[in-house]
There are 2 protein chains.
Amino acid sequence: MAARGAAQAHQTHNHRECIEDALKRAREICAGRGAQLTPLREKVLQIVWRSHKPVGAYDVLDELARSHKSARPPTVYRALDFLMGEGLIHKIESLNAYLGCVEAGAPHSGQFLICRQCGATEEIVDAKLETALDQAAKQAHFAGERKVVEISGLCARCAA
Amino acid sequence: MAARGAAQAHQTHNHRECIEDALKRAREICAGRGAQLTPLREKVLQIVWRSHKPVGAYDVLDELARSHKSARPPTVYRALDFLMGEGLIHKIESLNAYLGCVEAGAPHSGQFLICRQCGATEEIVDAKLETALDQAAKQAHFAGERKVVEISGLCARCAA
DNA sequence: TTCGGCAATGTTACATCATAACAGCGGGGT
DNA sequence: ACCCCGCTGTTATGATGTAACATTGCCGAA
Ligand SMILES: [Zn+2]
Ligand SMILES: [Zn+2]
Ligand SMILES: [Zn+2]
Ligand SMILES: [Zn+2]
């Protein structure tokens with residue numbers, strides 16, 4: 001099991017372990033590809049993983065700057081671009097924010113459930129939904145590449 | 001038939017008529033609700049409808065300023081917010097841009113096919129996809145509200 | 001060993017997208 | 001006449017993202 005699903009985001013879980021799993025997996029994936037997960041990039045990945053809520057680039061910057069004074073916007077955006085390119089994080093388009101991927105290593109567009117109350121965002125992998133997307137594109141004679149699926153609402157915890 | 005589907009966006013079609021249909025429909029909808037489709041707001045709607053490609057707020061501003069010198073960013077964003085509130089346009093989150101709605105009057109989140117080559121964007125209404133979204137949320141005990149579905153790729157014309 | 005290429009990072013400046021806050025104006029009701 | 005309220009004007013600023021060039025450090029070729 002790669003990284004624990006964000007389904008547990010709302011429940012108490014050992015998030016320290018959750019982060020460590022993600023970082024460990026990232027190191028393995030990059031090593032296997034010859035991609036350079038530098039200390040800077042790993043630090044940014046760690047910051048993104050600090051919560052199960054999407055984090056803005058400038059929030060990452062603020063946090064990064066605590067240990068890395070020379071950090072500037074390009075520092076962060078380059079690292080985020082690298083991490084997205086390696087499939088280690090996703091961008092949540094409707095929030096202009098970034099989230100650790102729970103299925104890193106398996107190339108995919110993400111599908112997200114975003115709680116408007118608590119901010120917790122769960123990445124789901126739904127085959128039927130994936131099929132429906134492909135079918136919809138095919139029916140319109142459209143060659144789909146990147147898919148953005150973001151559902152906002154209330155998580156189970158917040159709805160209760 | 002309300003507004004012609006953007007499926008025809010790539011084919012030659014009488015776009016002047018296409019715009020007129022959309023504006024006429026918008027007037028009817030707003031009149032029926034007591035919503036004030038002021039000349040300014042209608043002008044912004046017209047500008048958004050000038051093409052079947054999503055248009056940025058500042059592009060709208062540039063165009064609007066040709067006939068309306070006092071136009072400023074808030075002028076445009078207020079109009080766009082009104083038009084979104086009335087369901088007459090959609091925001092394309094992955095492009096930070098706005099597009100006329102082809103199903104105005106029927107409240108819905110849009111589903112979009114965005115050509116990365118020519119920019120033409122088609123709004124589709126796919127019941128199976130809608131169901132798959134609802135099922136996916138339900139399965140995760142998530143109360144979905146707003147749904148963002150944007151598929152980028154190549155339209156039939158550009159793929160050929 | 002020295003040098004040149006290349007990827008990563010540093011650094012400055014700027015581009016793009018969006019909103020806060022308050023002022024002015026004008027129609028409709030009392 | 002007066003107030004209320006929605007729309008628009010106006011100034012300023014916040015938030016997000018990128019261009020362009022400089023510097024560093026490693027590694028392989030000459
Ligand atoms: Zn966790
Ligand atoms: Zn929640
Ligand atoms: Zn048209
Ligand atoms: Zn195209």
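Each chain gets a letter, A, B and so on, in the order the sequences are listed, and its residues count up from 1. If you're wondering where the values come from, they're calculated on a predicted model, not measured in any experiment.
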In terms of ring plane angle, is the pair H90(B) and H108(B) parallel, tilted or perpendicular, where the classes change at 30° and 60°?
perpendicular
Using distance alone, with no hydrogens and no angle criterion, decide if Q111(B) and E130(B) have a side-chain donor and acceptor under 3.5 Å apart.
yes
Under-3.5 Å donor-acceptor pair between Y58(A) side chain and dG14(D) base
no
Spacing between L80(B) atom CG and dT19(C) atom P, to the nearest angstrom
10 Å
As an exercise, state the distance from CD1 of I151(A) to CG of L129(A), rounded to the nearest 0.5 Å.
6.5 Å
Value for SG (C158(A)) from CZ (F142(B)), rounded to nearest 0.5 Å, stands at 9.0 Å
CG-CZ distance between L40(B) and R78(B), expressed to the nearest 0.5 angstrom
9.5 Å
Pull out every protein N or O sitting under 3.5 Å from an N or O of nucleotides 9-13 of chain C, one pair per line with the distance.
{"unit_1": "dT9(C)", "atom_1": "OP1", "unit_2": "T38(A)", "atom_2": "OG1", "d": "2.7"}
{"unit_1": "dG10(C)", "atom_1": "OP1", "unit_2": "H68(A)", "atom_2": "NE2", "d": "3.1"}
{"unit_1": "dG10(C)", "atom_1": "OP1", "unit_2": "S70(A)", "atom_2": "OG", "d": "2.9"}
{"unit_1": "dG10(C)", "atom_1": "N7", "unit_2": "R78(A)", "atom_2": "NH1", "d": "2.9"}
{"unit_1": "dG10(C)", "atom_1": "O6", "unit_2": "R78(A)", "atom_2": "NH2", "d": "2.4"}

Scan residues 83-94 of chain A against DNA chain C and write down, sorted by residue number, each residue with any heavy atom closer than 4.0 Å; if none is found, say none.
none
Is the backbone N or O of S94(A) less than 3.5 Å from a side-chain atom of E150(A), with the two atoms forming a donor-acceptor pair by type?
yes
Atom CG of L61(A) and atom P of dT16(D): how far apart are they, to the nearest Å?
11 Å
Between dA18(C) and Y98(B), is there an OP1 or OP2 to side-chain N/O distance shorter than 4.0 Å?
yes
Side-chain N or O of N96(B) closer than 4.0 Å to phosphate OP1/OP2 of dA18(C):
yes
Is E123(B) reaching over with its side chain to a backbone N or O of V102(B), donor-acceptor style, under 3.5 angstrom?
yes
For the atom pair CZ (R50(A)) and CG (L45(A)), what is the distance rounded to the nearest 0.5 Å?
11.5 Å
Protein-nucleotide distance (F82(B), atom CZ; dG6(D), atom C1'), rounded to Å
11 Å
Any side chain to side chain donor-acceptor pair (under 3.5 Å) involving residues 26-37 of chain A? Give me the pairs, sequence neighbours left out, ordered by first then second residue.
K24(A)-E28(A), R27(A)-E42(A), R33(A)-E86(A)
Any side-chain N or O of Q36(B) below 4.0 angstrom from OP1/OP2 of dG6(D)?
no
Distance, rounded to the nearest Å, where Y77(B) contributes OH and dT16(D) contributes P:
13 Å
